[in-house]
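Single-structure report; data block below.
Atoms considered below: every heavy atom in the structure, side chains included; atoms not considered: hydrogens, waters and symmetry mates. Order of the sequence lines fixes the chain letters, A, B, ..., with proteins taken first and strands second; residue numbering starts at 1 for each chain.
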Number of protein chains: 2
Amino acid sequence: MRSGTSGEHSKRGQVPPEDLTTRARIRDTAIRLFGRSGFGVGVRAIATEAGVSPALVVHHFGSKDGLREECDRYVLRVVREAKSTAVETGASGTHLLSNLAMVDDYAPTAAYIVRSLAVGGGLASQFFDQMVQDAEEYVAAGVEAGIIPPSRDPAARARFLTLSGVGMLLLEANLRGPDVDIGEVFRDFAAWSTLPSLEVYTEGLFANRTFLDSYLSAFPNERDKTATDGGGEPGAGAG
Amino acid sequence: MRSGTSGEHSKRGQVPPEDLTTRARIRDTAIRLFGRSGFGVGVRAIATEAGVSPALVVHHFGSKDGLREECDRYVLRVVREAKSTAVETGASGTHLLSNLAMVDDYAPTAAYIVRSLAVGGGLASQFFDQMVQDAEEYVAAGVEAGIIPPSRDPAARARFLTLSGVGMLLLEANLRGPDVDIGEVFRDFAAWSTLPSLEVYTEGLFANRTFLDSYLSAFPNERDKTATDGGGEPGAGAG
DNA sequence: TAGTCTACTGAACATGCGTTCAGGCACATC
DNA sequence: GATGTGCCTGAACGCATGTTCAGTAGACTA
């Protein structure tokens, strides 16, 4: 499951830390510490871990916020690159984040993203919107391939699914405590949640169409009104 | 949808703040501010808002952590009481939290819980486990009533559903920014997510049983091996 | 060689935090 | 009236934080 030192994609892992620019080393250290313990970690801790003085950090990045912004930009860039290389494997949305966390080289990046989602802000929204869009395209492809039933509101369904996947992960990580190994969370979660998720996603959670139909009769939908594709009739919900 | 000043259950809302013990007033203020802005709010802010000196806060609660623990205990007690009064209405799990957030008197409590889930710790785990257990009983009742299909692992499915519901809410709140009206998040979320959730939960997300069956053939399950209740045959996944 | 620029440091500064402490005030008890 | 006994406050303490600043070391340029 976990690859790590292999692969063409991990240019980063091949560069020993002492060969990096001091600036890059500080940035990488910050991403690692932010990801491990949240954005509360101090400039002194980052500086010490990177083997420099606290003053040098602000010399390079202006302030702690400046460092944070640089980390955001870098993480977003790394994810974009990882996504473009992984596009042929079919990874998307939550799966992309999951893959990131599994590959050891990218684990700090994934941890940083999860921390970012836990506090909100610029990168969080940006990253989440990107995942929703990916999910929408991915699900649309599944619909076209016939393995996913069409939705009355594809955008809402994509957002729902993304929010569910990422939210579950976020909560699972939060419940573990302040210092979590995000990769471990991903692995554990994938292990126990596969069966229930497959059950819910193939057999559904409701044995009949009562709830959906009564909702649709209250808030009629174009697809069900015109019945273009022979879907279930709206009708009054039976109870 | 939002009730507020009505109802037998809201003993709290009927007591004007000036009639409360100073200790209780500090506790309520802390819950409100913690819920609104997270646990980063200072003792000075809480004291000022409650109309007392910072020193009095630690006089009553020993320390900020002491205050936090008292808030946790109180919130847990309020939720238990609310649950016991709402048990006949059939509210449970996420629905309980949702109902809490909708009723204006309980909104600070719900907000506090969400903040608590966002940082982890004692109350978070306790509250979440309680929700999972509620969900398990609730879903079991649904299965018995025939409106929910049985699961191969009811405990895992209950945890999955709870994690999804609460996680979605948590992430939605996080994405809104640092100071959110949790009640508003609940209302907005309920508005747009009803259709996609009903779709996914009644029609599923997969048009056929391929994924589930291939998983079950790789990790056989007792129910599907013995076929006690005439469920789908495991068989090799078709593709 | 002198000048300049960049990377970098140690020490100090300002600020906000949780917390402590000496004491004031009201009220009950003897 | 004297003596506690809780509730409560203003001011200060200790600490950690982000940030500033004067100054050093080395490399590159004129």
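- Checked by distance alone, B:Arg44 brings a side-chain donor or acceptor within 3.5 Å of a matching partner on the base of C:dG18.
- Between the P atom of C:dC17 and the CG atom of B:Asp65 lies a distance of 16 Å, rounded to the nearest Å.
- The distance from atom CG of A:Leu67 to atom C1' of D:dT17 is 15 Å, rounded to the nearest whole Å.
- Distances shorter than 4.0 Å separate some side-chain N or O of A:His60 from OP1 or OP2 on C:dC8.
- A salt bridge links B:Glu70 with B:Arg23; the closest basic N to acidic carboxylate O contact falls under 4.0 Å.
- Contact check on B:Arg159 versus A:Glu172 returns a salt bridge, with a Lys/Arg side-chain nitrogen under 4.0 Å from an Asp/Glu carboxylate oxygen.
- Put simply, CG on B:Asp181 and CZ on B:Arg187 are 6.0 Å apart, with the number rounded to the nearest 0.5 Å.
- Distance CZ (A:Arg25) to P (C:dA7): 14 Å, rounded to an integer number of Å.
- Candidate nucleotides D:dT9, D:dT19, C:dT19 were compared by shortest atom distance to the side chain of B:Val43, and C:dT19 ranks first.
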Original post:
Could you walk me through whether A:Phe127 and A:Tyr112 pass the ring-ring contact (aromatic ring centres under 6.0 Å, His included) check?
Top reply: CA-CA 12 Å; A:Phe127 189 76; A:Tyr112 183 95; over 10 Å; no

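- Computed from coordinates, the A:His59 NE2 to C:dC5 C1' distance equals 11 Å when rounded to whole Å.
- Between the CZ atom of A:Arg23 and the P atom of C:dA7 there is a distance of 9 Å, given to the nearest Å.
- In terms of position along DNA chain D, the nucleotide closest to B:Val52 lies nearer the 5' end than the nucleotide closest to the other residue of the pair B:Val52 and A:Phe39.
- Whole-Å rounding puts the B:Phe61 CZ to D:dC7 C1' distance at 13 Å.
- With C:dC21, D:dT19, C:dA7 as the choices, the nucleotide that has an atom nearest any side-chain atom of A:Leu56 turns out to be C:dA7.
- Taking atom NZ on B:Lys64 and atom P on D:dG14, their separation rounds to 22 Å, with Å as the unit.
- The aromatic rings of A:Tyr215 and A:Phe219 are tilted relative to each other, their planes meeting at an angle between 30° and 60°.
- For D:dC7, neither phosphate oxygen OP1 nor OP2 lies less than 4.0 angstrom from any side-chain nitrogen or oxygen of B:Thr22.
- Residue B:Ile46 contributes atom CD1, which lies 11 Å from atom P of C:dT19 at whole-angstrom precision.
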